[in-house]
Amino acid sequence: MTTWQERDLKLIWHPCSQMKDYEELPPIVVDHARGAWLYDESGKAYLDIISSWWANLLGHGNPVINDRIRKQLDKLEHVIFANFSHEPAITLAERLLKVLSKGLCKFHFNDNGSSSVEAALKMVFQYSIQTGHPEKKRFMCLSEGYHGETIGALSVGSMDLFARLYKPMMMDNIHVQAPDCYRCPFRKTRDHCACECFRFAEEAFAEHAGETCAIIVEPILQGSAGMRIYPALYLKKLRALCNAYDVKLICDEIATGFGRTGKLFACEHAGITPDVMTVSKGLTGGYMPMSITITTQEIYDAFYADYGAHKAFVHSHTYAGNPLGCAAAHGVLDVLEQDHVLEKAADTAAWLTGRMKDVFGSHPHVGEIRHIGLIHAMELVADKTTKQPFPGHKRLGYEIYRKVLKKGLVLRPLGDVLYFNPPLTISKDELDQAIAITKEAMDEVLGKASC
Ligand SMILES: *Cc1c(COP(=O)(O)O)cnc(C)c1O
């Protein structure tokens, strides 16, 4: 163990970690990073195939983004955002307005993903009261959904792993069984179905819509659930159902936004406009903690009144609209526009799909290879025919994580789902390196597991 690691472990409690695991696997102390690569203090390189928790959209140390931030830093690092404003926030809203689906036109800035979800929930809740429907005070969400770790966000998530223990602290929401295309209860496939599973949503709406102000979903891709991908048709149907029952639709694009699914926003796959959209992560290219809760004129108008009517949205975060975050976001939009990133990533993605199928398609423990945009995931199973998972206590995903780290790859599986969610600018050569390392580690770990 190096002294940096000892000094870290003496003081620091890392996120989402069993700290005892660090006895065997101490933290990697990163010194600097470029493109898709991290370099530790000894100079060892790691390929960051998960974009540092899905945030790093265009590579580390991107010169365009760096330059934007540097220039902003010399002018204004931060200012209170109530009653004050600044050019980078105003022009950012103007630029986003042009690329978002029509109807999303009011921008409420916050300072991380969870806080933008909290703002979205409170906003719709208050909207219902102020439009004469105080009885609409509950939320619906999809099973296996993930919207962040604060109590409100956690209670519209339904991944037991994160939420079970905190249930007594949480709101009583309505959890709708989500699409599960790999283990479809109707024995259909993702590309050839009529979203038979949508009946679970229809049943929930028939029973609960009267007491529900909104449903929140991750559009097209349930990320934390193991990169579960569902058909655009489901989202189209959900938009129509929400309209029919006067329930607002919140699309959490924190993970999917800014090109991750091949379109700038995942909602575009379905051609729908949500009533509220949350964005973060890729918004600043993973540089600065910033998020925006974006909504419609209709929702905004329900808050607009004389002060004495007490209709204002009284919700703030200290770093809302941080100018450096806005500058980073401008840099992201600059690069996306100038470098035709999405077109190039689409080409890389098609190539990657072919490579993954060649290398892993006939692997006895790869149950499914699923992909959207550059995101490619493999679900490992004990038995391919029955889709029987490996027992959780084997921690196969974690074993593979440890193995690939040694070989210079940061691949952080979700349970037994291995996935790539790299910067959109990654090269085919770098992806090939990631595939080779993953294959080696899988052979070493799964070879053992299947005996
Ligand atoms: C990461 C994520 C969040 C939470 O964002 P934080 O910045 O970690 O609070 C919420 N929703 C989705 C879909 C996410 O992927």
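No hydrogens, no waters, no symmetry mates; every other heavy atom, side chains included, goes into these values. Every number for a ligand or one of its atoms is a count from 1 in the order of the listing.
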### Message
Checking the N or O distance criterion of under 3.5 Å, is ligand 1 in contact with Ser114?
### Response
yes

### Message
Does any N or O of ligand 1 fall below 3.5 Å from an N or O anywhere on Trp54, backbone included?
### Response
no

### Message
Evaluate Asp252 for polar contact with ligand 1, using N/O atom pairs at a separation under 3.5 Å.
### Response
yes

### Query
Taking the inter-plane angle between the rings of Tyr39 and His32 on a 0 to 90° scale, is it parallel (under 30°), tilted (30 to 60°) or perpendicular (over 60°)?
parallel

### Message
Just to check, does Trp53 reach to within less than 4.0 Å of ligand 1 when the distance is taken from its heavy atoms?
### Response
no

### Message
For Tyr182, does the six-membered ring have the charged nitrogen or CZ of Lys387 within the cation-pi criterion, i.e. under 6.0 angstrom from the centroid and within 45° of the normal?
### Response
yes

### Query
Which heavy atom of Ala119 sits nearest a heavy atom of Thr293, and at what distance?
CB-OG1, 3.7 Å

#### Entry: Distance filter under 4.0 Å to Gly148 heavy atoms, resulting ligand 1 atoms
4 (C), 10 (C)

### Query
Do you see a donor-acceptor pair shorter than 3.5 Å between the side chains of Glu253 and Thr256?
yes

### Query
What atoms of ligand 1 come closer than 4.0 angstrom to any heavy atom of Asn112?
7 (O), 9 (O)

### Task
Check whether NZ of the Lys or CZ of the Arg Arg34 lies under 6.0 Å from the centre of the six-membered ring of Trp37 and within 45 degrees of that ring's axis.
no

### Task
Look at the aromatic rings of Phe198 and Tyr234 and report parallel, tilted or perpendicular, splitting at 30° and 60°.
perpendicular

### Task
Using distance alone, determine whether Gly113 and ligand 1 share an N or O pair under 3.5 Å.
yes

### Query
Any idea which protein heavy atom is nearest atom 15 (O) of ligand 1, and the distance to it?
Lys281 NZ, 2.6 Å

### Polar side chain donor-acceptor pair, Tyr22 to Ser17, under 3.5 angstrom
yes

### Query
Counting from 1, what ligand 1 atoms have a heavy atom of Ala255 closer than 4.0 Å?
15 (O)

### Task
State if Glu149 counts as touching ligand 1 under the rule of any non-hydrogen atom under 4.0 Å.
no

#### Entry: Contacting atoms of ligand 1, where contact means under 4.0 angstrom from a heavy atom of His147
10 (C), 11 (N)

